[in-house]
Amino acid sequence: MSYILNIETATKNCSVALAKDGKTILCKEIAEEGYSHAERLHVFIEEIIKEAGLAFQDISAIAVSQGPGSYTGLRIGVSAAKGLCFALGIPLITVDTLQVLASQAKVSDGLIIPMLDARRMEVYSAIFTPNFYNKRAVQAEIITENSFEELNETLYFVGDCAEKCQPVLNKENHVFLEAIKYPSAKEMSLLSFEKYQKNETVDVAYFEPYYLKDFMITSSKK
């Protein structure tokens, strides 16, 4: 029996889930415009452990969403995960953020395209089959009316980019599942458990989030 604590902070959704042998038993999350991850994350973790009637020493591993996503959000999640791993002497597991997002789409045909906002018309995206096999690796791309035109299957778009992308991605085979907006830690449970069983862990000291693009700091125009 293994308990894995899953942490997802790559987007506006601050999400924590506790899983037992790959099944989510508790989840706490909140999506706010102000990115309250720093205030909420550790509170959620402590509440979940307490509500489950466990001690931190009962946790077998920590799993964290590795990115791409918000620079600040990823740093907060990964820092918390590393701290817990160091303190408890347990392994760290990383899960692809876009796979976590895609896992919420339950479809039987076509392709699933998770997209996260990367400002302006740029997105972080990947392509998955209905059984969540990765058909195209994660990349940052600018969305135009010609994006994905080589794909004739029904394309199911999920993520926080519907508002800006629907006007240009409007072909007959384009379907936006607008209810699926952010990745959630509860969708990490099976993914992290499978990696745990295969001993697919990362070096706690040296792991860095998958930002995909360099973090840019611009000077004030004032």
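Everything numeric here is computed off the predicted structure, so don't read it as measured data.
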Taking the side chain from K50 and the backbone from I45, do they hold a donor-acceptor pair closer than 3.5 Å? no
Determine, using the 4.5 Å side-chain heavy-atom cutoff (strictly less than), whether M121 and F176 are members of one ILVMFWY cluster. yes
Shared hydrophobic cluster, V95 / V204 (ILVMFWY, side-chain heavy atoms < 4.5 Å): no
Tell me the closest heavy-atom pair linking S147 and I143, and the distance in Å. OG-CA, 3.5 Å
So, for D96 and G67, which heavy atoms are closest and what is the spacing to 0.1 Å? OD1-O, 3.6 Å
Examine the side chains of S15 and E8 and answer whether a donor and an acceptor come within less than 3.5 Å of each other. no
Checking ring pair (Phe, Tyr, Trp, His ring centres under 6.0 Å) for the pair F157/F148: CA distance, chi angles, key distance, verdict? CA-CA 11 Å; F157 296 98; F148 312 111; 5.6 Å; yes
Just checking Y211 against Y71, ring centres under 6.0 Å apart? yes
Answer yes or no: is there a donor N or O on one side and an acceptor on the other, between the side chain of T9 and the main chain of G73, under 3.5 Å? yes
Rounded to the nearest 0.5 Å, the CG atom of L5 sits from the OH atom of Y3 at a distance of 12.5 Å
Take Y210 and T97, measure what side-chain contact (heavy atoms from CB on, under 4.5 Å) needs, and give me the verdict at the end. CA-CA 9 Å; Y210 182 42; T97 301; over 6 Å; no
Any donor and acceptor pair, going by atom type alone, linking the side chain of N134 with main-chain N or O of F128 inside 3.5 Å? no
If you group Ile, Leu, Val, Met, Phe, Trp and Tyr by side-chain heavy-atom gaps below 4.5 Å, do Y182 and L177 land in one group? no
R40/E32 salt bridge by N-O under 4.0 Å criterion: yes
Measuring from atom NZ of K12 to atom CD of E29, what distance do you get when rounded to the nearest 0.5 angstrom? 15.5 Å
CZ of F44 to CD1 of I49: how many Å apart, nearest 0.5 Å? 14.0 Å
Should we say atom NZ of K195 is surrounded by more than 12 heavy atoms from elsewhere, each under 6.0 Å from it? yes
Kindly compute the distance separating CG (D203) from NZ (K82), expressed to the nearest 0.5 Å. 8.0 Å
Of the non-hydrogen atoms in I112 and P130, which two are nearest, and what is the gap between them? CD1-CA, 4.1 Å
To check you understand the geometry: which heavy-atom pair defines the closest contact between P91 and T201, and what is its length? CB-CG2, 3.6 Å
Identify whether V175 and L116 are in the same connected component of the hydrophobic contact network (ILVMFWY, side-chain heavy atoms under 4.5 Å). yes
Just wondering, do V64 and I93 contact through their side chains at under 4.5 Å, heavy atoms? no
Would you find a donor on one side and an acceptor on the other, under 3.5 Å apart, between the side chain of T24 and the backbone of K186? yes
Candidate pair E163 and E178, rule side-chain contact (heavy atoms from CB on, under 4.5 Å), full reasoning: CA-CA 9 Å; E163 184 176 350; E178 295 184 56; over 6 Å; no
Greater than 12 external heavy atoms within 6.0 Å of E172's CD: no
Does a salt bridge link E208 with R75, judged by any charged N lying under 4.0 Å from a carboxylate O? yes
Heavy-atom closest pair, residues D117 and E122: OD1-O, 3.8 Å
We want to know whether N13 and T11 form a side-chain donor-acceptor pair, criterion being a heavy-atom distance below 3.5 angstrom. no
Group every Ile, Leu, Val, Met, Phe, Trp and Tyr by side-chain heavy-atom contacts under 4.5 Å, then state whether F207 and L84 land in the same group. yes
Have S125 and R136 got a donor and an acceptor in their side chains that come within less than 3.5 Å? yes
Sidechain N-carboxylate O distance under 4.0 Å for K171, E149: no
Any chance you could measure I4, atom CD1, to L191, atom CG, to the nearest 0.5 Å? 10.5 Å
For a quick check under 3.5 Å, do S103 and E187 share a side-chain donor-acceptor pair by atom type? no
Between K135 and E153, is there a side-chain N and carboxylate O pair less than 4.0 Å apart? yes
Side chain S79, main chain I76, donor-acceptor under 3.5 Å: no
Answer with yes or no whether the side chains of S184 and Q104 bring together a donor and an acceptor at under 3.5 Å. no
Within a strict 4.5 Å, meaning less than it, do heavy atoms of the Y156 and D109 side chains meet? yes
Please determine whether the number of non-hydrogen atoms from other residues, nucleotides or ligands lying under 6.0 Å from atom NZ of K106 exceeds 12. yes
If we only count heavy atoms from C-beta on, is the C27 to V16 side-chain gap below 4.5 Å? no
Taking atom CD1 of I127 and atom CG of L98, what is their separation to the nearest 0.5 Å? 11.0 Å
Could you report the tightest heavy-atom contact between L18 and A52, atom names first, then the distance? CD2-CB, 3.5 Å
Go through the side-chain N and O atoms of S2 and S60 and say whether any donor and acceptor fall under 3.5 Å apart. no
Checking side-chain polar atoms at under 3.5 Å, does T154 have a donor or acceptor matched by the opposite partner on N173? no
